[in-house]
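Start at 1 and go down the list; that is how both ligands and their atoms are numbered. As the structure is a prediction and not an experimental result, all values here were calculated from the model. Because only heavy atoms are used, hydrogens play no part in the values below, and waters and symmetry mates are left out as well, while side chains stay in. Quick note: residue numbers are just sequence positions, from 1.
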Amino acid sequence: MVLLVIASVFLLCGTLFQSPEVAAFKPLFKDGSLTHREITQMAILRKTAEVCRDIATARGREFTLTINNRLTPSAVQKACLASSSSALFYLAITETYLSNAAVDVLFALSEARHIDNEAFSEGRDLITRGVAAVKASVQQGSYISARNTLGTLCHTLQDFYSHSNWVELGSSSPFSALIKPDRLLDNLAGPNTPTCKSCAGSNCRDNILPEILLQKKLTSGYFSVFSSQKPAGKCSHGGSLDRTSSREPTGGINKDDVSSDHGFLHLRAAEMAINATMEVLQDIRLATGDQAFLRLVGLSQTSVLAFVIDTTGSMSDDIEEAKRVSFSIIDSRRGTPEEPSEYILVPFNDPDFGPLTRTENADIFKERINSLSASGGGDYPEMCLSGLLLALAGASPSSDIFVFTDASAKDSELKSTVRAMIERTRSTVTFMLTSPFLFRRRRDVSQSKSFTSRSMPSSDKQLYRDLAHVSGGQTIEVTKATLFQATEVITDASTSALVTVLQVLRSPMIAENISFILDPSLFNVTVYITGDSPVFTIYNPTGVSQSGSVADGPLGSILTVGNLKRVKLNSDNQTGEWKISIDSTSSYSLKVTGQSSVNFLFNFVEQLEGGDFTPKDNRPFMGRNSTLFVSVTGGDSVTLTDVLLVEASGSDVVNGTIKSLSATDFLVSIARIPEWAFVVQLKGLLNDSTRSVPSRFQRQSPTQQQGSRVTITAQASSTIEPGIPSVLNFTVATNATGSSYIIRARTDRSFSVSFPSSLDMGTGGSAQGNVTLTAPSDTQSGMDVTLTIEAEDPDSGDSNYVAVRFSVMTKVTDFSSPVCQVVRVKADCPVECSTGSWELSANLTDINGTGIAGVSLSRGNGSFSLSHVMSGDGTNVTVASYNASCCSQEVELVVVDKVGNVGTCFTSIKSPSTTASPNDSTTISSDEAVSTKGSSTVRPNLTTFTPSASYSVSFSMCVTVLGLFVFFLCG
Ligand SMILES: *[C@@H]1O[C@H](CO)[C@@H](O)[C@H](O)[C@H]1NC(C)=O
Ligand SMILES: *[C@@H]1O[C@H](CO)[C@@H](O)[C@H](O)[C@H]1NC(C)=O
Ligand SMILES: *[C@@H]1O[C@H](CO)[C@@H](O)[C@H](O)[C@H]1NC(C)=O
């Protein structure tokens, strides 16, 4: 929650950046107290486990996991029988809680974001608009935006329980009106109503006025770091930073941690915040369906198949090959755990590029790639980097993206932006560069003309090589005739749970022995060597060797095509230390990958005064200390022995100091961020319970990171309205005074942006600027756009960036949820329940709203049909007729309107009236015999909205199929 910028106190980087102190649930780490990170993670784990349990129950399967606050991501992932690796689940949870934690710094002084100063209605607006945006983003498949928005809104929702007196009022459930815009916020203490008395010294147990407690009036603490002013008689937030708490009534009521003024209620407030977060997740689940919910939390993701394809005249063979390889991947993996969960396609030409196709449906992808044809573009070069930028921003983080082209990039000025997006998304980019056939039958004049002109100068190839290296990808240079062999690497990369064991880049070249550890969790280990002239020999742990010129040997099979050598290792005697001795007269790259459930995530975090941390999502400050937050996924317990920053194209190393937070989470202090670009390498022991001896393992981040001497931060709301200019303030800071920085701002979707072309740092070493961003007025709600702002020192070339993701949202005006009213229940149930059935009919209406878009069951395994009638007063009524076996005694219908407002009705026939005379046929009126309830929330204006009404889809995806694989990996 609240943070303060104490001007002189916390100068993170000298005069650089005033980093505030936090006063709310702590953002990330705090011994003995629950932080926003833990509250968010626990709510996601519990709700996800519930969804998996309901799916299992609906399919008649056992679900044995106990749902409590001790769940771990790997336990939930296993119980859900979900994808083969928990890494993407971890990643999604991490994205969500980091954007939650970031609110403390980005919106440190906003009363609404933290529900300080009785800003209930403003805070509720932020929450409900956020929920609407999450639903719209999910609907568009923009899961990253959805997670960012979800994290941000959860901050405000969770702070309510720490900063208000809801817990002190003795409440036993969350304040649901906070997520329901059509409910009244009643019983608020008025602006002139005193709410607190002074604490007795430092004892604030009893400082809320008795009449406030008695009348159950809601209030929240006032907070200011600048002034002690507050309305007469009002409670303060409390704590040393809150100047209002030194004025009568003194002391405060916050429950941010166990040592706060109301710290004795901290755990209760935190638990209530977990429950409230689960409530908002349930609303999103009902509006979007179970399948989409599981994707939102990263649980049904496997791999991404992402192509960026040049469609100019000479590319027809390449396009055919892209089709062939993608069709073969799709067709051979359909229905298996290796089936990609997301497909990305971006064509580029000149001057056009895009659109981005992002779909979970393989058939749509096939259709789009089938419709590509090579044409035009005689005036080489093409808009390659624009197309790549769109794919980088659109794909899930850590995707493998393949670019097909035979031409130089016309838009090479995008290089630094593309590089920033590679660092930010940690995606890997591999370029498939083809050169034309030497002797080729002329097809038509224009094509042959373009052929003769299309031979790429090596300086232009270097641009692709540089970007591939930065991302941990490769530049594969082949003729069009041999492309089909090289695309094997696409098949390799499009598998789930792909991990990098080692990647090195060498130039200048010296003969060298490079070793790496293979652990028992790895399989399908592949070694790639790209370069013009590498000569190498591989040695396994038992000393058996194979030369790089032997295609089939004792250690594996070697494919040689163009500048690529791919070695698929056999699995004999695999575990232990391997060695490659390699010599080359030109630069080369070596990469060792495999499939494994064990992987890691890392994020830079910045320490604030007082010991808290906040996420740092761009380049860390060069030459200064920094901290990495590292999570190892897929193992119950690991020991980390080394966390290293390894020079990306050399062998210098910076060693981190490791502090363990839990069995799989670590904080690593880095004494000094190096001048060179680096990769993060991890070494340690897997303490696998099934093995008596821990086994050594190593992993590496494929993507390079680098430091900078400039920082840039931006305060952004997560949504923008189509057609309306939106202004975003940003701050650039450095330790050099008097310098001037070049500013660049771009979106991946070519939306209109205006910004200052340079900023003068002046003597303070910092400057403010703003970017105005306008989305075209016909942009669909839920579409995401990524804005990258870069600041570059023109003398040294040093730069930093900030990448902000927005969802475009039309203002929601429909706040009324559909109404579901049960009008008839006919339950004629015999004692032997399986021999009878019961029926229900319900009227569904959305009178003042956008209209009903979908109906589904969230409980009950009967079937329903819908019909439409006109009621007496001329309103449209949808009638749902439900029929179920007498053994299934409960039903909950979920009705969603076109903007995602949810209405539900629940009916149980477990009531006395049906059990009393089970053999009588009774028709009862709903009002007396059944309980009904309604609930609602908002969602953005979508033209089509179809909640998943099908449990079978979710089930087969996430239970049956992936289950086999998980069992295989983790069982
Ligand atoms: C949170 O929800 C659980 C399960 O519904 C309930 O048992 C618990 O008492 C709730 N906690 C609080 C603090 O309301
Ligand atoms: C990967 O390994 C699994 C298990 O060892 C094997 O069944 C599968 O065929 C391998 N896949 C490839 C592409 O080699
Ligand atoms: C595997 O190890 C066994 C026993 O040490 C040895 O006989 C065999 O040659 C090894 N195989 C390979 C391919 O290294």
Side-chain angles (χ1 to χ4, degrees), residues 1 24-26 30 32-57 63-72 75-76 79-80 93 97 100 115 120 124 127 150 153-180 183 187 205 208 213 216 218-221 253-258 260-286 290 293 297 858-859 890 892 894 902 904 906 908 931 933 935 937:
M1 111 57 158
F25 280 134
K26 300 301 171 191
K30 175 82 182 176
S33 300
L34 290 170
T35 61
H36 281 293
R37 170 177 74 96
E38 288 156 312
I39 290 168
T40 306
Q41 168 157 323
M42 199 43 69
I44 294 176
L45 292 179
R46 281 173 48 185
K47 183 49 71 182
T48 304
E50 283 183 16
V51 172
C52 294
R53 179 199 61 199
D54 293 351
I55 292 170
T57 309
F63 184 91
T64 52
L65 185 71
T66 309
I67 302 181
N68 59 24
N69 284 348
R70 287 187 297 279
L71 293 176
T72 62
V76 172
C80 290
I93 295 172
Y97 70 60
N100 179 331
I115 317 228
F120 295 110
R124 198 249 307 256
I127 294 167
L150 177 62
L153 79 89
C154 282
H155 190 98
T156 305
L157 182 67
Q158 293 163 1
D159 270 357
F160 170 82
Y161 297 93
S162 176
H163 299 168
S164 77
N165 65 338
W166 182 254
V167 169
E168 286 82 346
L169 292 178
S171 314
S172 58
S173 58
F175 185 41
S176 299
L178 281 184
I179 64 168
K180 306 204 161 133
R183 295 241 185 125
N187 238 29
R205 279 194 170 242
I208 298 181
L213 297 175
K216 298 218 177 289
L218 197 57
T219 184
S220 75
I253 62 167
N254 86 81
K255 295 156 280 293
D256 290 347
D257 63 43
V258 288
S260 304
D261 284 341
H262 278 196
F264 62 101
L265 292 171
H266 166 75
L267 289 178
R268 190 166 166 75
E271 209 199 307
M272 194 82 85
I274 295 174
N275 287 2
T277 307
M278 288 178 69
E279 189 182 348
V280 86
L281 292 173
Q282 173 69 10
D283 178 63
I284 292 165
R285 168 199 181 183
L286 290 180
D290 288 354
F293 181 84
V297 298
S858 68
R859 253 195 268 187
E890 292 180 346
E892 186 171 46
V894 179
V902 178
T904 61
F906 173 79
S908 169
S931 57
K933 70 178 163 96
S935 69
T937 54

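Taking the six-membered ring where tryptophan is involved, the planes of F160 and W166 are tilted, since the angle between them lies from 30° to 60°.
Side-chain N/O atoms of H155 and N100 include a donor and acceptor closer than 3.5 Å.
Under 4.0 Å from any atom of ligand 1, one finds heavy atoms of residues S172, R268, E271, M272, N275.
A salt bridge links E50 with K47; the closest basic N to acidic carboxylate O contact falls under 4.0 Å.
Under the ring-ring contact (aromatic ring centres under 6.0 Å, His included) criterion, F63 pairs with no residue at all, not counting sequence neighbours.
Remark: side-chain polar atoms of R124 are paired, donor with acceptor, to backbone N or O of K180 under 3.5 angstrom.
Applying side-chain contact (heavy atoms from CB on, under 4.5 Å) to R285 and the options V280, V297, V894, V51 leaves one that passes, V51.
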